[in-house]
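The chains referred to below are lettered A, B, ... by the order of the sequence lines, with proteins before strands, and numbering in each begins at 1.
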Amino acid sequence: MKRLMALATATVLALALGQTATAQTADELYAKAKEEGEVTWYVSQFSTGLAEDLGQIFSEKYPGISVNVIRATGQVIYARLAQDVRAGVAQADVFSGTDLGHLHELRDQKMLMEFTPPDADTVRAPFKDMQPGFWYATTANPTVMAYNTEQVSAEEAPKNWTDLTDPKWKGKVAVTHPGFSGGAGSWAVLMKKLYGEEFFTGLRDNDPYIGRSLIDPPTVIAAGERAVGIAVFSVAARNKIAGNPIEIIYPTDGSKLSLGGTAVLANAPHPNAAQLFVNFIIGKEASERMVENGMLPISSAVEPPSGVRSLEDIPTADLSEDELVKGVQPIIEEWRDTFGG
Amino acid sequence: MTDQASDYAAEAGQQPDGWLRRFRNLEPINLLWILLIAILCVLVIWPIGFLLKVSFEDPSTGAFTLQNYVEAYGRWRYLEALINSCLLGLCTAALCVVFAVPMAWAVSRTNMPAKWFAWASVLGAFILPPYLTSIGWILIAGPNSGWLNEGWQWLTGSETPLFNIYSFFGMVLMIALNAFPFIFLFTKAGLDMISTEMEEAAAILGSPTWYTSLKITLPLVWPSILGGIIIVFLESIALFGVPAILGIPARINVVTTQLFQFFGYPFRMEVAAAYSMPLLLITVSLIWVQRLLLNRKGFVTQTGKGGERRELDIGAWKWVLLAWCGFVGLLAMYLPGYTMVVASFSEAWGKGLNASNLTLQNYYDVLFVSKLTQEAIVNSFLFAGLAAFGALGLALCVAYIVTRNLIPFASVLAFLCMAPFVIPGIVLAIGFYAAYAPPPLGLYGTAAIIVVAFMARFLPISYGTAAAGMRSINPEMEEAVRVLGGGRFTAIRHVVAPLLKKTLFAGFLLVFIPATRELSAAIFLVGPNTRVMSVLIFDMTEEGRFEAVAAIGCIILVTTTFFVWLGFKLVGRDFMMRTPR
């Protein structure tokens with residue numbers, strides 16, 4: 001029934017959109033994309049393993065198109081793209097970033113293609129809110145906390161963000177460097193807004209392990225290298241589902257909901273394959289694989305993973321898009337000055 | 001045009017003009033000289049020239065400016081990174097002395113048994129690149145999960161770890177465990193040159209062995225040790241892998257990681273160029289000092305060993321020294337190597353070694369599933385092979401011209417071949433980026449820019465090998481060919497090349513092996529489709545996937561061991577010792 005509803009609304013909307021004439025069906029796109037033969041995907045939203053898996057599923061669904069996966073953390077992948085632009089080389093077709101500021105900047109520089117994927121309307125609510133035509137939301141991954149259940153009991157575990165600055169966690173905290181990770185960048189902006197400078201100095205005094213990706217802290221927590229820390233929800237959930245000694249903490253002062261968008265570059269060497277690929281990422285097959293990896297599904301045809309809270313039940317403290325876009329670069333500098341690296 | 005003109009002149013039976021005649025009589029070797037100069041310009045002069053030029057340029061207008069320098073040195077954090085690098089270099093050199101000098105003394109002057117033991121440690125340190133040693137040690141001495149610290153906390157009930165690898169000392173130890181062979185080789189070479197007569201004189205006068213060694217032997221080899229210290233210092237400050245893997249989590253910034261930041265976002269290549277100048281200047285001047293030191297008094301000569309040498313009987317101490325050699329080898333190679341092998345076969349490295357944790361999945365994923373790793377493995381060997389081939393070819397041509405004195409100013413060529421020796425790999429890479437990545441050449445992200453940069457980086461090694469091989473061949477044999485009417489190229493093909501076989505092979509391997517593992521120069525030059533194993537390992541550490549990282553590390557380990565073995569087999573036992581760096 002639910003599916004039927006979705007289909008019905010999709011049809012109605014597709015009819016409405018049909019008049020804009022820019023929208024193409026997936027089959028039309030595939031016919032053109034096949035001639036292009038490949039698509040290069042700059043991605044920071046997914047781990048290397050998941051990104052490669054998605055590429056492979058795409059190639060199986062659309063034979064004749066191979067996917068080049070270039071995975072790095074949010075800031076690093078954007079630096080790569082900026083280098084491409086400076087060198088006057090067009091290598092990337094699709095860009096999936098974790099720092100919204102990057103997408104805004106790219107759009108302002110007229111470097112993104114405006115398009116509508118055929119299945120744009122079959123996505124779940126939080127994703128639908130972020131489809132400005134230049135990019136489409138492809139992750140809603142809350143930044144939460146996690147602890148190692150062998151080292152820390154549920155009562156002892158931190159409850160909110162400021163608990164991480166408690167001296168009892170000295171040498172036991174893991175965080176992520178905003179200068180590398182896009183998700184950590186927006187998290188740091190939120191912390192600055194909520195608790196100011198002291199949060200960072202307190203964290204520094206606890207001598208934290210500093211990862212380069214939000215994937216790193218939950219991995220070191222699951223391995224027992226650190227006891228508590230920040231974590232990207234999906235990786236913590238995946239570790240928990242796999243039976244590793246890790247538990248998720250939903251901070252009472254609100255987790256940072258990181259929405260990541262996927263865009264097609266205006267000068268993409270394979271524009272049709274790129275649009276087809278974006279359509280695939282927001283589609284059912286990709287969402288199924290994401291759920292297996294602890295991520296929340298994009299497609300409304302797929303249910304969220306079991307055993308973890310669904311997005312509606314996770315308290316989030318959000319920032320306005322403006323605060324985020326303007327806040328990340330200054331916070332990186334501030335972080336480097338405070339933490340000295 | 002010239003060909004036509006000279007043909008015409010010959011047909012008409014007239015004498016061509018003076019310069020044309022000269023052109024006709026030009027030996028191919030002279031054309032080759034022009035070609036070689038051109039290649040060396042591309043490899044050495046152009047990138048370094050561009051590095052200087054870019055550092056004084058405004059990125060948007062291209063106008064002259066000092067702003068890049070102001071930006072590069074105008075922040076305390078950036079200066080602190082410089083200080084940290086120098087401290088890192090000094091501490092590493094000091095630790096290397098502690099590791100290596102007793103080993104060298106034991107091997108060269110005492111009756112310590114099983115001297116191959118020390119050599120095995122030195123070889124082990126060569127086989128494992130520093131970033132892999134670090135990864136092995138993270139698994140050993142991660143402050144809370146490494147088995148060393150877990151064992152310590154279990155034994156003593158202590159809350160604090162015994163040794164935290166994510167620390168300044170952790171970085172020092174990791175680099176020292178890879179760099180101590182330099183000091184070992186330098187010190188041993190120095191010790192080998194000293195006659196034992198002076199030590200015996202001291203012994204007759206009643207001086208105990210330890211006193212003699214400290215007061216007489218050590219001062220005599222001090223210049224050699226200092227030469228080694230300088231090399232270790234320079235290696236340490238130019239290294240990227242260890243500071244990136246251990247320094248970033250520990251919040252310690254050094255010059256190389258700071259350069260990496262300038263290459264991040266916002267992208268500031270010009271500032272990076274300006275910021276790399278101290279690294280370049282320090283290297284150039286210290287290498288100069290080192291040459292002065294080693295040339296003084298002829299401490300190390302090629303002519304032979306001076307005086308009589310007898311092994312010192314040091315009694316039971318020989319066992320202590322033997323244990324020390326083993327201990328250093330254990331830390332440098334066997335412990336991290338073993339830990340890495342175990343991790344590569346584990347499902348989760350935290351769970352330790354047991355049957356339920358055993359899996360081949362990591363290797364299967366790396367070799368057969370992941371396109372990324374497959375490409376990176378192929379790229380690594382392909383680029384290293386091409387670079388080794390290119391560097392060797394170039395070095396042989398230059399060495400031939402220089403040793404046979406075929407043209408005036410040949411020594412300029414030799415100088416250019418050796419010049420990259422004083423350019424840190426990471427600085428060279430930035431130079432290559434500045435010169436060739438942007439339009440008009442637009443080599444950004446191509447295989448060509450990496451291969452050419454590797455060629456330049458390892459050219460001094462190739463040249464050293466080629467020149468040594470060339471000198472060992474008497475020119476009379478070629479002259480015989482020439483007298484019998486054979487051309488220069490016939491002589492080279494049928495006389496020189498067969499005689500150089502071993503040199504050629506050694507020269508190839510000496511570049512190929514380090515090039516397959518190079519990280520510092522590769523990190524700035526790889527593009528989306530040209531990633532190599534070392535860079536991939538660095539990228540994968542950010543996700544904490546140590547099992548897969550260990551599997552790739554083991555592949556590097558096995559292939560390196562194989563090629564070193566091949567070198568021993570085909571070239572001889574001394575093949576590694578020719579490495580100048």
Visitor: Highest number of heavy-atom pairs under 4.5 Å with chain A: which of B:Glu375, B:Met269, B:Arg75?
Guide: B:Arg75
Visitor: With a 4.5 angstrom heavy-atom cut-off, which part of B:Arg77 approaches chain A: side chain, backbone, both or neither?
Guide: side chain
Visitor: What pairs meet the side-chain hydrogen bond (donor to acceptor under 3.5 Å, both in side chains) rule with one or both residues in residues 67-85 of chain A, with sequence neighbours excluded?
Guide: A:Glu38-A:Asn68, A:Thr40-A:Asn68, A:Tyr42-A:Asp84, A:Arg71-B:Glu542, A:Arg71-B:Glu543, A:Gln75-A:Asp99, A:Gln75-A:His102, A:Tyr78-A:Glu105, A:Arg80-B:Tyr444, A:Gln83-B:Tyr433, A:Asp84-B:Tyr444
Visitor: Measuring only between side-chain heavy atoms, which start at C-beta, is B:Phe345 closer than 4.5 Å to B:Thr359?
Guide: no
Visitor: Between A:Val89 and chain B, with a heavy-atom cut-off of 4.5 Å, which part of the residue counts as in contact: side chain, backbone, both or neither?
Guide: side chain
Visitor: Tell me, out of B:Gly247, B:Pro143, B:Gly442, who's got the most heavy-atom pairs with chain A below 4.5 Å.
Guide: B:Pro143
Visitor: Would you kindly check if the NZ (Lys) or CZ (Arg) of B:Arg531 is within the cone defined by 45 degrees around the ring axis of B:Phe538 and under 6.0 Å from the six-membered ring centre?
Guide: no
Visitor: Apply the side-chain contact (heavy atoms from CB on, under 4.5 Å) test between A:Ser181 and each candidate in A:Thr98, A:Thr176, A:Val232, A:Thr143; give the one that qualifies.
Guide: A:Thr176
Visitor: Where on A:Asp53 is there a heavy atom nearer than 4.5 Å to chain B: the side chain, the backbone, both, or neither?
Guide: neither
Visitor: Please identify, among B:Asp539, B:Val526, B:Asp365, the residue contributing the most non-hydrogen atom pairs under 4.5 Å to chain A.
Guide: B:Val526
Visitor: Keeping to residues at least two apart or across chains, list the ring-ring contact (aromatic ring centres under 6.0 Å, His included) pairs with something in residues 200-231 of chain A.
Guide: A:Phe200-A:Trp335, A:Tyr209-B:Tyr166
Visitor: Tell me if a side-chain donor or acceptor on B:Ser344 pairs with a main-chain N or O of B:Ala550 at a distance below 3.5 Å.
Guide: no
Visitor: Where on B:Ala250 is there a heavy atom nearer than 4.5 Å to chain A: the side chain, the backbone, both, or neither?
Guide: neither
